[in-house]
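Everything on this sheet refers to the single structure shown next.
Atom set for the values below is all heavy atoms of this structure, side chains included, hydrogens, waters and symmetry mates excluded. Residue numbers start at 1 and run along the sequence shown. If you're wondering where the values come from, they're calculated on a predicted model, not measured in any experiment.
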Amino acid sequence: MEKNTNIDWSDCGPITLVVVQPTSFCNLNCDYCYLPDRHLKNTLSLDLIEPIFQRVFSSRFLQNDFTICWHAGEPLAVPISFYESAFAKIAEVSEKYNQQGYCFRHSVQTNATYINDAWCQLFKKHDVYVGVSLDGPAFIHDIHRQNRKGTGSHAATMRGISFLQKHEIDVSIIAVLTEDSLDYPDEIFNFFWDHGLTDVAFNMEETEGIHSQSSLDKLGIEQRYRQFIVRFWELVTAKQGEFKLREFESICSLIYTDERLENTDMNRPFMIVNFDNQGNFSTFDPELLSIKTQPYGDFIFGNVLTDSLESICETEKFKQIYADMRGGVDLCRQNCDYFGVCGGGAGSNKYWENGTFNSTDTKACLYRIKCITDIVLDLLENLLEVLRCF
């Protein structure tokens with residue numbers, strides 16, 4: 001049967017996140033990283049700031065406030081002066097083209113190793129939201145997050161965090177869970193708690209991009225992972241709301257509000273728009289922008305100097321990816337009991353594990369959605385049963 005590749009505009013946007021790559025370079029060489037060009041010091045020209053944000057502010061997909069995330073490489077590997085100029089240029093472009101007056105906030109996702117007083121002054125001046133990549137205590141973090149000399153980065157990351165805390169800048173943490181994490185829920189929790197890091201999210205080590213195999217794919221990992229999550233729930237709930245884990249917050253929010261997801265920002269076009277350091281852009285998962293695959297080729301849909309966000313929707317490349325992405329979401333909707341808490345998953349996980357977006361189950365889905373949902377529901381039901389006994 002021939003695929004329907006017609007674009008349903010109501011199935012696109014609204015833009016909630018604009019990811020901009022200030023540089024492809026990263027000073028670390030994490031062994032689970034998906035980026036192929038992180039050794040190259042390609043830098044975004046300030047001359048591209050106006051065309052990038054002219055495209056964003058003029059787009060039919062911009063319908064509400066949004067976040068600008070500087071990411072996809074180490075964003076602080078470019079100088080502070082770059083951001084002073086870029087932020088000023090974006091404000092100027094907003095004055096010209098942001099006709100609806102939508103608000104936006106800058107954020108960075110950083111390894112924190114460059115952070116000092118001057119960076120903190122920039123963050124405070126411009127109200128920049130700071131996310132830090134930190135896998136827990138040094139004996140876990142330094143296994144995978146090393147610099148280019150093969151030395152662990154934990155001490156440098158913690159030094160950067162200490163500057164943020166000194167300046168009273170809120171910090172959110174993304175911790176990657178690998179096989180090495182799973183035996184140490186208490187150590188990881190206590191490390192974050194003892195250092196005042198109480199806004200945490202877990203990312204799973206994934207098969208993605210140039211990282212061709214995850215340690216979580218091994219036999220026996222699922223049971224260890226479930227035990228880890230159960231123990232982490234016990235530790236988090238004992239703090240009575242003072243420690244927030246994104247994964248628990250997400251599922252509990254859906255339970256409390258009785259809402260269900262129909263999609264995610266990573267499988268619905270133009271909720272996320274990604275720009276690389278050459279002004280090339282894509283949508284869907286940010287991780288796809290720097291990657292070349294079969295059968296899709298690369299995921300560059302256009303360039304801000306020649307294309308609008310809307311114009312690329314008529315290209316064959318976009319239509320094929322859009323059709324397969326939508327097909328995979330439909331398969332999940334039809335066949336998976338967890339669809340309402342998942343929304344059809346991330347296309348990048350489906351591609352790297354199954355070879356196509358037009359597919360369903362992944363290990364990423366198992367760990368991120370199914371295990372978390374099962375565990376939280378079971379534990380909540382047990383808690384309610386105990387309460388009924390009183």
Side-chain angles (χ1 to χ4, degrees), residues 1-8 11-12 32-36 176-177 202-219 221-222 225-226 247 250-251 254 260-274 282-301 312-313 315-374:
M1 188 171 75
E2 189 173 323
K3 293 178 183 176
N4 177 13
T5 58
N6 293 325
I7 305 303
D8 179 357
D11 190 39
C12 297
Y32 49 54
C33 184
Y34 64 89
L35 286 169
V176 175
L177 294 183
F202 286 151
N203 281 356
M204 311 302 130
E205 181 192 359
E206 297 172 349
T207 300
E208 189 170 50
I210 62 170
H211 185 54
S212 59
Q213 188 168 2
S214 167
S215 64
L216 299 180
D217 293 341
K218 296 179 181 177
L219 290 175
I221 290 294
E222 182 181 345
Y225 175 78
R226 287 179 180 270
E247 284 63 38
S250 297
I251 184 62
L254 290 171
R260 296 296 179 266
L261 301 177
E262 284 297 317
N263 58 265
T264 74
D265 55 5
M266 290 193 286
N267 62 40
R268 181 181 171 100
F270 299 106
M271 288 191 73
I272 303 176
V273 186
N274 316 294
S282 71
T283 184
F284 305 116
D285 306 32
E287 292 87 347
L288 294 171
L289 183 57
S290 302
I291 304 299
K292 293 182 174 60
T293 70
Q294 293 293 336
Y296 301 109
D298 64 36
F299 291 92
I300 294 171
F301 292 135
I312 61 93
C313 295
T315 64
E316 290 306 311
K317 177 188 289 189
F318 179 84
K319 287 181 177 181
Q320 179 188 8
I321 292 172
Y322 171 77
D324 283 359
M325 193 77 71
R326 187 172 57 178
V329 173
D330 288 343
L331 284 173
C332 290
R333 182 183 291 107
Q334 295 160 13
N335 298 300
C336 183
D337 292 337
Y338 297 82
F339 181 80
V341 295
C342 174
S348 60
N349 296 131
K350 292 181 179 184
Y351 174 77
W352 294 116
E353 294 191 37
N354 302 329
T356 176
F357 298 133
N358 195 0
S359 60
T360 54
D361 290 343
T362 63
K363 284 288 179 62
C365 174
L366 171 66
Y367 293 128
R368 185 177 293 119
I369 303 298
K370 295 181 179 180
C371 288
I372 298 287
T373 301
D374 289 344

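Rounded to the nearest 0.5 Å, atoms CD (E353) and CD (E206) are 8.0 Å apart. Between I321 atom CD1 and F299 atom CZ the span is 5.0 Å, to the nearest 0.5 Å. We find the CZ-CG distance between F284 and N267 to be 8.0 Å, quoted to the nearest 0.5 Å. Separating the CG atom in D374 from the CG atom in L366 is a distance of 9.0 Å, to the nearest 0.5 Å. Atom NZ in K363 sits 8.5 Å away from atom CG in L216 (nearest 0.5 Å). How far CG of N349 is from CE of M204: 10.5 Å, rounded to the nearest 0.5 Å.
Put simply, the side chain of C365 does not reach to within 4.5 Å of the side chain of Y338, judged on heavy atoms. Within the 4.5 Å cutoff, the side chain of L261 has no heavy atoms near those of the C342 side chain. Contact of the L177 side chain with the Y225 side chain is registered, since non-hydrogen atoms from C-beta on lie closer than 4.5 Å. Contact check for I372 versus F202: no side-chain heavy atoms found under the 4.5 Å cut-off. Contact of the N354 side chain with the T362 side chain is registered, since non-hydrogen atoms from C-beta on lie closer than 4.5 Å.
Counting non-hydrogen atoms of neighbouring residues, nucleotides and ligands closer than 6.0 angstrom, the CG atom of N335 exceeds 12 such neighbours. Under a cut-off of 6.0 angstrom, the local environment of CD in Q334 is crowded, with over 12 non-hydrogen atoms contributed by other residues, nucleotides or ligands.
Note on K350 versus D324: no salt bridge recorded, every NZ/NE/NH1/NH2 to OD/OE distance being 4.0 Å or above. Looking at D298 and K317, a side-chain N of the basic residue comes within less than 4.0 Å of a carboxylate O on the acidic one, giving a salt bridge.
Residues R268 and D11 approach most closely at CG-O, 3.4 Å, considering heavy atoms. Shortest non-hydrogen contact noted between F318 and P269 is CZ-CB, 4.0 Å.
Remark: the D285 side chain and the S348 side chain contain an N/O donor-acceptor pair separated by less than 3.5 Å. Judged purely by distance below 3.5 Å, without hydrogens or angles, the side chains of S359 and Y351 never pair a donor atom with an acceptor atom.
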Would you sort out whether W352 and Y34 count as a side chain to side chain contact (heavy atoms under 4.5 Å, CB included), showing the intermediate values?
CA-CA 11 Å; W352 294 116; Y34 64 89; over 6 Å; no

Working note: N203 + Y32, criterion side chain to side chain contact (heavy atoms under 4.5 Å, CB included); need CA distance, chi angles, decisive distance, verdict.
CA-CA 11 Å; N203 281 356; Y32 49 54; over 6 Å; no

